[in-house]
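Some notes on the structure that comes next.
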Amino acid sequence: MTGIYMREHHLAVCKNCFPKWFEGRVAETIERYKMFKKDERILLGVSGGKDSLALWQVLIRLGYQADGLYLSLGIKNDNYSLDSKEKCIKMKEKLGRELYIVDLKNEIEISIDDARSIHLKTCSICGTVKRYFLNKITREKAYPVIATGHNLDDEAATLFGNLLRWEESYLRRQYPVISGTNFFARKVKPLAFMYERQCAIYALTSGIDYIRTECPYSSKATSISYKENLNQLENRHEGIMKFFYTNFTNAKKKDNAMMKAEEVEIVSCQICGEPTTVAVCRFCRIKEKIMNKKKNETEKREK
Ligand code: SF4
Ligand code: ZN
């Protein structure tokens, strides 16, 4: 049987044993960072991609209570979104868990494709929309924990970008677990120490049906170029990505000052009522811009 060799661990695991090995390592991360307990309900953001679906299955196999939230973003006139939604529904049926589906068009009459019309970066708007609904549904359904499928490549690329631009407030916030507050649930990233390729191997070796095509907007994402650079380094210096992120989290653990996020006052958004740090939350500002743009275009056409 062909073995899967992981250079960074100096370890070879056969295809049959790989899923167990992977699940064991995720379990270690959950315990090391005290992410959640068996009796806590977890809401996991699922996209139909390998990482979030792999995490969902791992959590259930480890005995945790995880449900999914799928956000239909209307990407590329729905084609990409429909495919990814179908994969999430399949996984929900396989695991026998709840899957909440939020359709952006029903909620706010816009889709992520509309983002270009207001000259903002699509991925930045997408991130805001995803965070908004994850927080909102988590609170409405009273989940104490939000999980996401960010893997080591994602976390290392984010760290790399934050260091290059010296984004102090983001560096303070970046960690595999962020404690909950009165307004927000605890946020956890159980795959933060698993390489992207390991997540892909897990999905393949444990029979997960995930969307193989990338989001059509991903080529424009800044994080892609950071990932390419980090992967080049990884190819020459095995394990460097893991050292980079692990040593950062270890340094943060030791230094209480670095762990302390800036204290900001939370208020209710004047439009939607969701918690925010400014009078009108970013989500409502983006929505208003897109709606105004659409209204102006309709008025122009009708003249
Ligand atoms: Fe959203 Fe960008 Fe990811 Fe596509 S690549 S799902 S637009 S964040
Ligand atoms: Zn708002």
Side-chain angles (χ1 to χ4, degrees), residues 44-55 68-88 101-105 107-140 146 148-151 153-155 157-158 161-162 170 183-184 189 191 196 199-200 210-228 264-292:
L44 167 67
V46 286
S47 64
K50 61 184 184 322
D51 305 307
S52 55
L53 292 186
L55 178 57
L69 170 68
Y70 174 79
L71 188 54
S72 187
L73 299 160
I75 290 178
K76 290 287 170 200
N77 296 322
D78 277 342
N79 289 340
Y80 177 79
S81 296
L82 285 174
D83 285 353
S84 51
K85 181 160 78 179
E86 185 207 321
K87 306 292 180 200
C88 295
I101 299 178
V102 175
D103 193 328
L104 202 55
K105 276 190 181 152
E107 293 288 324
I108 54 172
E109 296 169 34
I110 61 166
S111 81
I112 287 300
D113 289 343
D114 294 321
R116 279 169 302 168
S117 69
I118 55 165
H119 309 294
L120 283 176
K121 283 188 179 162
T122 311
C123 293
S124 150
I125 292 184
C126 185
T128 299
V129 169
K130 283 180 190 163
R131 275 192 298 278
Y132 180 85
F133 281 105
L134 252 181
N135 286 329
K136 189 169 186 279
I137 306 290
T138 303
R139 202 173 29 261
E140 282 172 7
I146 295 178
T148 53
H150 292 96
N151 58 44
D153 298 42
D154 297 322
E155 290 304 295
T158 302
N162 286 340
Y170 289 135
F183 304 96
F184 298 105
K189 297 175 180 173
L191 298 183
E196 185 166 337
C199 298
Y210 63 92
I211 186 156
R212 307 293 164 106
T213 45
E214 294 288 341
C215 168
Y217 294 115
S218 64
S219 58
K220 295 204 179 92
T222 324
S223 59
I224 296 291
S225 69
Y226 295 155
K227 277 188 191 175
E228 282 166 4
V264 282
E265 195 194 345
I266 302 288
V267 292
S268 292
C269 168
Q270 286 173 1
I271 296 179
C272 70
E274 287 295 299
T276 175
T277 53
V278 286
V280 175
C281 76
R282 185 164 193 260
F283 174 82
C284 285
R285 281 180 282 143
I286 290 172
K287 182 180 154 189
E288 201 177 0
K289 264 190 173 179
I290 295 178
M291 300 299 273
N292 283 342

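Quick note: residue numbers are just sequence positions, from 1. We count ligands from 1, going down the list as the structure has it; atoms in each ligand are counted the same way. The analysis underlying the following values was restricted to heavy atoms, covering all of them including side chains, and did not include hydrogens, waters or symmetry mates.
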Tyr70 and Ser84: side chain donor to acceptor below 3.5 Å: yes

Around atom 4 (Fe) of ligand 1, number of protein N/O/S atoms which are nearer than 2.8 Å: 1

OG on Ser72 to NZ on Lys105, rounded to 0.5 Å: 8.0 Å

Over all atoms of both residues, closest heavy-atom pair of Asp51 and Leu191: O-CD1, 3.5 Å

Atoms in ligand 1 flagged as close to Lys130, the criterion being non-hydrogen separation under 4.0 Å: 1 (Fe), 3 (Fe), 6 (S), 8 (S)

Distance under 6.0 Å and angle within 45° of ring axis: Arg131 vs Phe133: no

Contacts of type ring pair (Phe, Tyr, Trp, His ring centres under 6.0 Å), residue Phe184, not counting sequence neighbours: none

Asp154/Lys227 ion pair, N-O < 4.0 Å: yes

